[in-house]
K.L.:
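What follows is a structure written as structure tokens; I'll ask about it next.
Excluded from the calculations below are hydrogen atoms, water molecules and symmetry mates; all remaining heavy atoms, backbone and side chain alike, are included. Computed from a prediction, not measured in an experiment: that's the story for all the values here.
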Amino acid sequence: MAQNLPSASGFLAEIRQDDGRPIDPVFASRTARAAFRERTADQSLCGVLLHSGAPDAALAHTQGSTLVLAGELYNQEDLLRLLPGHTLPSSDAALVLALFGLYDVHAFRLLNGRFAALLAAPGRAVLATDHAGSLPLHVSAAPGRVLTATEAKALRTAPEGRSLAARPVRRLPGVHQVPAGTVLDIEVATGNCGTHRTWSPPQARRIVPEEEAAGTVRRALELAVRSRTSGDTPLVVLSGGIDSSSVAALAARRSATPIDTVSMGTEEADEFPQARVVARHLGSAHQEIVIPTAELLRRLPHTVWAAECLDPDVIEYLLPLTALYLRLPGTGRRILTGYGADIPLGGMHREDRLPELDTAVCRDMDTFDGLNEMSPVLSGIAGHWSTHPYWDRDVLDVLVSLEAGLKRRYGQDKWVLRAAMGDILPREVVVRPKLGVHEGSGTTSSFTRLLTDAGVPHDRVHQAKSLVVAELFDRVVVGGRHPDEVATDAVVELVATRLLSGVRPVPQ
């Protein structure tokens with residue numbers, strides 16, 4: 001089952017009990033597409049797979065049921081031990097379907113992966129996300145019809161569905177996002193839906209000695225990197241901070257040849273000197289890409305288009321990554337990042353008060369769902385597949401559960417990660433203070449300046465950023481416009497004019 005890219009990175013699927021006309025697929029992901037269609041006695045299944053060359057491996061069949069899987073699993077060896085007999089599944093999709101035959105919806109509690117899944121069974125549509133919802137999944141359901149897709153925009157022309165116990169998508173009536181770590185079990189004939197949670201962030205905290213904590217973090221992260229680097233040489237996005245440097249170092253230790261690393265900056269700011277220290281230490285084939293600020297800001301529509309997110313802070317984090325992915329040569333690279341470590345480790349909390357630190361970790365873990373920060377579509381719009389070891393299920397179980405004093409210790413943020421990686425990274429990397437990707441690339445300051453230059457007062461900049469992101473969402477996700485057709489400057493001018501004239505913004 002080891003290959004460089006997953007068999008499928010996304011899908012649109014329709015289950016119908018009538019002969020209605022299928023909706024046309026619309027995706028941001030740039031990859032090959034393959035249509036599929038099946039018919040049983042009581043319903044039909046059809047759709048489109050976004051695939052890497054082997055679409056059949058993303059489908060599995062048994063006794064009138066079909067499983068559609070986008071993404072990949074990271075604990076196949078453990079899962080295979082649960083299956084009786086000597087016939088081993090030939091793909092991740094077949095493995096999940098075999099486990100479903102034993103455990104039904106509880107099979108998804110066993111999976112550590114980056115995936116979205118649909119099981120079409122007689123009278124049922126079972127939809128599942130991974131523990132973090134890192135491959136977003138959306139659904140529109142009504143009696144006799146269930147439509148589901150890994151990008152909300154693919155459902156923008158779907159007939160209006162009924163209300164579900166899930167997050168509604170802005171201005172797409174009846175379209176909902178399946179929560180992270182959740183299974184929706186839908187009765188096709190009625191549209192009735194049952195909900196099953198398969199993962200939640202740990203609430204209890206573990207008290208362990210320093211050495212044991214560092215060792216546990218090291219082993220968990222090593223396994224997460226190993227499970228993501230079984231194919232060709234990966235490309236690691238490197239800033240020179242402890243998060244990305246740790247991933248790069250562990251990937252380099254597994255590779256027989258030098259790994260590839262890449263850093264991104266603008267004429268306003270970069271972290272090239274810090275990344276060079278790590279690249280030289282690892283002997284990686286390193287590349288530096290300078291993206292002019294004007295080009296970076298032009299990628300705002302592409303970032304909203306890919307992430308389908310309305311949070312302006314998250315869009316600022318993702319903008320430099322999206323711009324970088326669109327600049328990478330070629331397609332089909334497996335990309336590893338250090339993104340996301342700050343959330344379970346409280347890396348952006350820069351004070352020493354432990355109650356506030358743990359409160360910040362709890363809040364961030366409670367509110368990450370639906371922000372689509374980990375969405376593979378961000379790299380998929382350039383034809384790549386990205387994955388984030390810090391959001392491996394087993395890594396999160398370790399990092400979140402550690403007591404706050406192991407995360408902020410001796411005046412250092414993310415102390416336990418620094419202690420875990422201290423023997424394989426240069427000293428200056430291990431002690432380097434935290435700097436967010438939006439800070440290191442000058443993204444936040446340049447976006448702010450774009451608004452203030454348009455006349456937005458400083459005290460209304462964050463509100464203006466929210467309105468800009470919402471307007472972009474309405475144009476590229478709801479309205480179906482390609483981001484190349486949407487000018488960031490024009491949207492900023494529109495928002496600034498509305499704010500300064502006192503025009504009431506459109507409700508969000």
K.L.:
I need the minimum non-hydrogen distance between Ala28 and Lys153, along with the two atoms involved.
P.N.:
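Taking Ala28 first and Lys153 second, the nearest heavy atoms are CB-NZ, 3.9 Å.
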
K.L.:
Do Asp397 and Trp199 pass the side-chain hydrogen bond (donor to acceptor under 3.5 Å, both in side chains) test, and can you show the C-alpha distance, the side-chain angles, and the key distance before you say yes or no?
P.N.:
CA-CA 10 Å; Asp397 282 341; Trp199 186 83; 3.0 Å; yes

K.L.:
For a quick test of reading the model, state the closest non-hydrogen atom pair linking Val400 to Pro344 and the distance between them.
P.N.:
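That closest heavy-atom pairing would be CG2-CB, 3.6 Å.
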
K.L.:
Salt bridge check, Glu471 against Arg475: does any charged N sit closer than 4.0 Å to a carboxylate O?
P.N.:
yes

K.L.:
Are the charged groups of Arg276 and Glu288 less than 4.0 angstrom apart, N to O?
P.N.:
yes

K.L.:
Closest heavy-atom contact between Pro136 and Ser375?
P.N.:
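That closest heavy-atom pairing would be CD-OG, 3.9 Å.
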
K.L.:
Working to the nearest 0.5 angstrom, can you tell me the gap between Arg298 CZ and Glu295 CD?
P.N.:
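One gets 5.5 Å once the value is rounded to the nearest 0.5 Å.
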
K.L.:
Please report the shortest heavy-atom distance between Ala220 and Val398, naming the atom on each side.
P.N.:
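So the two residues come closest at CB-CG2, 4.2 Å.
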
K.L.:
For the pair Asp313 and Lys465, find out whether any cationic side-chain nitrogen is under 4.0 Å from an anionic carboxylate oxygen.
P.N.:
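Answer for the salt bridge query: no.
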
K.L.:
Drop me the distance from Arg498's CZ to Leu467's CG, to the nearest 0.5 angstrom.
P.N.:
8.5 Å

K.L.:
Say you draw a straight line from CD of Glu72 to CG of Asp130; how long is it, rounded to the nearest 0.5 Å?
P.N.:
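Separation between the atoms: 10.5 Å.
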
K.L.:
Ser246: what forms a side chain to side chain contact (heavy atoms under 4.5 Å, CB included) with it, not counting sequence neighbours?
P.N.:
Leu221, Ile242, Tyr390, Leu417, Met421, Leu425

K.L.:
How long is the gap from CD1 on Ile15 to CG on Leu127, to the nearest 0.5 Å?
P.N.:
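Atom-to-atom, Ile15:CD1 and Leu127:CG are 7.5 Å apart.
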
